[in-house]
Amino acid sequence: MDIFDSEPKEYYMAIRSKAARRNAAVAAGAATERLSDPKAQERLTRALARWESRTKPLVEAVRSSEHLTQKDFAIRINTKA
Amino acid sequence: MAQSRQQISFVSFGDRSLADVLALDVPPFTSKAEAHRQLEYVEGYVRDLDCHSLVVEDHYIDRDHMEDHSVFYSKSLQPYPNACRRVHFFSCDSAVLKRELKRLRSTAPPEQFRTESAEFSKRFYLGFTVIKPLPGCPVGRTILRCFAADADKGYLRNFSCACDCRAHLLGVPLSIRGLAFQQQDLGVSACATTALWSALQRARELEEGAAATPAQITMRASQFTLPFGRPMPSEGLSLDQMCQAVHSLGYAPNLYRADTFDVSRGLLYSAVLSGISPVLIIERGDLWHAVAVAGMKVRRPHVRNLVYPLMDDRAGDLAALYIHDDRYGPYLKADIRRKTDNRRKKDRLLLEIKLRNSSVIERWVLSHLLIPLHPKVRLSFGELQRAAIRLVREIHAHRQSILAARETVTSWDCWIGKSHSYVESLILGENRAPESLIATLCTTVPFSRYLGIVRVEADDLDPVDFLLDTTSTERNLHCLALVRPATSRPQTRDLTELLALRYGCSVIG
């Protein structure tokens, strides 16, 4: 089983409630919120934290492939034709 | 002392076996099948390339064999010669071949001679194989034309690991693109040495490093440690010894354990896409073997591969590898499969090798990858993968929180390439960029010699390239620029501008 199979389906679905209202505002031509807005900063920080925790297993899987031990280096590669 | 004599023979292909044409003896204690397996593979391969004729050079000095002879064979009781034979393969018949070679030798001026020789090579030349004077292991340096890029429907072949090679025959320069192969002789080399030898041919083309013969690789590998006893005749190498050999030749050995299927596939895909030939350490039971990768087969168009919800790794398109297996021959196709390892609770990467003209399928599990990189490239493929994952999650976070846009699957590709090759790809490649973009990029962004490139794309985001400085390290990773050749999709402008702010670089395009 793939280690990334455990996430619930909600993550596939569009965001609702407050974000939906924001969507409507953007679609109506409201200006894109800028990074300087503290509330936008806060939302970004939270979103980054959420994505970081979700993708941590991915990053760790790559990192673990670099962790080699004496056992790895002792393998004898000598298959003959 | 008798003078060495040269003799050139034109032979029709297919009338007799190569072994018969070359009048190769089979040594005692060895069967013909064992001694000539690689030669028969080469014969079958060029037959599939529509070979019609061959030219045999009776006296050819091969640098690799000369070194092996000097170090090992010259000290044998049996007086092995230091010269080899070389066989060239052509897809035209002998009469046409003789006529064309004569015509080319009469061609002047020099530019026309070179152009027409190149066209002749492209049309008719299939490559060459060096035949060593070792009856039990005759196949020496062999460079054969790769398969065509078009594979079965829905697939494409990529031989980025191939090199441009030159040969000269009867005064005519011949060019061929392929990765050098040779069989192990169990004297100076076992499988690990020959796999390294093949992989380093490509590394040397990228960055002019020291050429290494199999004998030199084995000696450098055995310089400081001898875990298995004598270095020659070769008893095989350890991973430590392989790394030592790579390092002593001026390259950095990036070594990875192939723990999980997705990571292994991602590393393989990135390495081959970067034009670097990785050495694969594969296991089957208590057998360990090493092969060099010459190319890969990928799905086209792209088929989505979600390694995480909304995150699509394009390495999922990797369907098969073309490997140089010194037990058989060059460009052997190894299909990639997922193998569930219940004991470790991880999926491993399995290579299924179907032997030519046989129903036998060998199954090997990928154990380790050894990627020889130039020391200038400080950013490893593992670090590049992590950077790509971080970039994609930043895109999702910004899209969601700042732009309040709908969540969309975002895909990524990552590879390492020379900066001038990247600029050339913008001029000539699939994602062509406007001339003004290229001019701005070249006049405003300082490049490191090698770039780490992460290309991201989504339904709402045009393909955007993040150019990473490979002389920086993971902790202080420096983004040189964001290149956006197109801005037709809804979030491209906003996302790229936000990310350029985040990474402190300029947006080009």
Side-chain angles (χ1 to χ4, degrees), chain A residues 1-4 7-15 18-27 30 32-35 37 39-52 54-70 72-81, chain B residues 34 37-38 137 183-184 186 190-192 227-228 234-240 242 255-260 262-264 266-267 281 287-290 307-311 326-327 340 346-347 367-368 380 382 385-386 389-390 393-394 396-398 400-407 494 498 501:
Chain A
M1 192 183 82
D2 194 282
I3 60 169
F4 310 123
E7 293 297 334
K9 271 193 186 171
E10 286 138 30
Y11 293 122
Y12 292 92
M13 299 173 69
I15 314 158
K18 277 188 195 171
R21 289 201 293 277
R22 193 161 52 241
N23 279 344
V26 168
T32 308
E33 286 174 307
R34 295 294 176 198
L35 279 175
D37 177 358
K39 284 187 181 169
Q41 287 273 4
E42 212 179 306
R43 279 200 305 275
L44 179 61
T45 307
R46 282 201 306 270
L48 280 170
R50 254 196 322 273
W51 276 98
E52 191 173 331
R54 289 177 201 172
T55 56
K56 196 173 172 187
L58 272 177
V59 171
E60 286 308 314
V62 180
R63 210 186 292 281
S64 85
S65 69
E66 294 167 343
H67 293 160
L68 300 157
T69 64
Q70 279 303 315
D72 295 298
F73 287 104
I75 293 164
R76 182 178 185 172
I77 301 137
N78 69 338
T79 298
K80 296 177 173 44
Chain B
E34 280 174 354
R37 184 190 297 166
Q38 288 83 353
C137 46
Q183 73 178 104
Q184 58 175 278
L186 295 173
C191 58
F228 312 124
S234 182
E235 303 279 3
L237 298 178
S238 67
L239 270 181
D240 184 21
M242 290 175 77
L255 187 60
Y256 301 92
R257 191 172 51 239
D259 259 350
T260 54
D262 287 314
V263 171
S264 308
L267 290 169
I281 312 303
L287 287 175
W288 298 85
H289 187 36
V307 292
Y308 187 79
L310 302 173
M311 294 180 71
D326 65 348
R327 296 172 309 144
T340 304
K346 284 180 186 176
D347 289 348
S367 167
H368 294 78
S380 70
Q385 290 276 340
R386 289 196 289 274
I389 292 167
R390 289 182 182 118
R393 77 183 179 205
E394 291 267 350
H396 281 301
H398 279 79
Q400 180 186 341
S401 61
I402 306 294
L403 302 179
R406 189 185 172 83
E407 289 293 357
D494 288 338
L498 286 168
L501 214 66

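Keep in mind the model is a prediction, meaning the values are calculated, not measured. Residue numbers start from 1 in every chain, and the chains themselves are labelled A, B, ... in the order their sequence lines are given, proteins ahead of strands.
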**Study point:** Under 4.5 Å from any heavy atom of chain B - which part of A:E42
**Key:** neither
Check your understanding: Which bit of B:L255 is near chain A, if near means a heavy-atom gap under 4.5 Å: side chain, backbone, both or neither?
Key -> both
Revision key, fill the gap. Given B:R390, B:H368, B:M311, B:Q385, the one with more heavy-atom pairs under 4.5 angstrom with chain A than any other is B:H368
Check your understanding: ring pair (Phe, Tyr, Trp, His ring centres under 6.0 Å) with B:H396: which residues, sequence neighbours excluded?
Key -> A:W51
**Study point:** Heavy-atom contact with chain A under 4.5 Å, split by part of B:E394
**Key:** both
Check your understanding: Considering only heavy atoms, which portion of A:R63 lies under 4.5 Å from any heavy atom of chain B: side chain, backbone, both, or neither?
Key -> both
Study note, to complete from the structure: Looking only at B:C191, B:G266, B:S380, the option with the highest number of non-hydrogen pairs under 4.5 Å against chain A is B:C191
Review point. Below 4.0 angstrom, N of the basic side chain to O of the carboxylate: do B:D259 and B:R257 qualify?
Key: yes
Practice item. Mind checking salt bridge (Lys or Arg N to Asp or Glu O under 4.0 Å) for A:R76 and listing every partner two or more places apart, or none if nothing turns up? Key: B:E235
Exercise for review: Output the option from B:L237, B:L267, B:L287 having the highest count of non-hydrogen pairs under 4.5 Å with chain A.
Suggested key: B:L237
Practice item. Count the heavy-atom pairs under 4.5 Å between each of A:D72, A:N78, A:T45 and chain B, then report the option with the highest count. Key: A:D72
Review point. So what's closer than 4.5 Å to chain A heavy atoms on B:S264: side chain, backbone, both or neither?
Key: neither
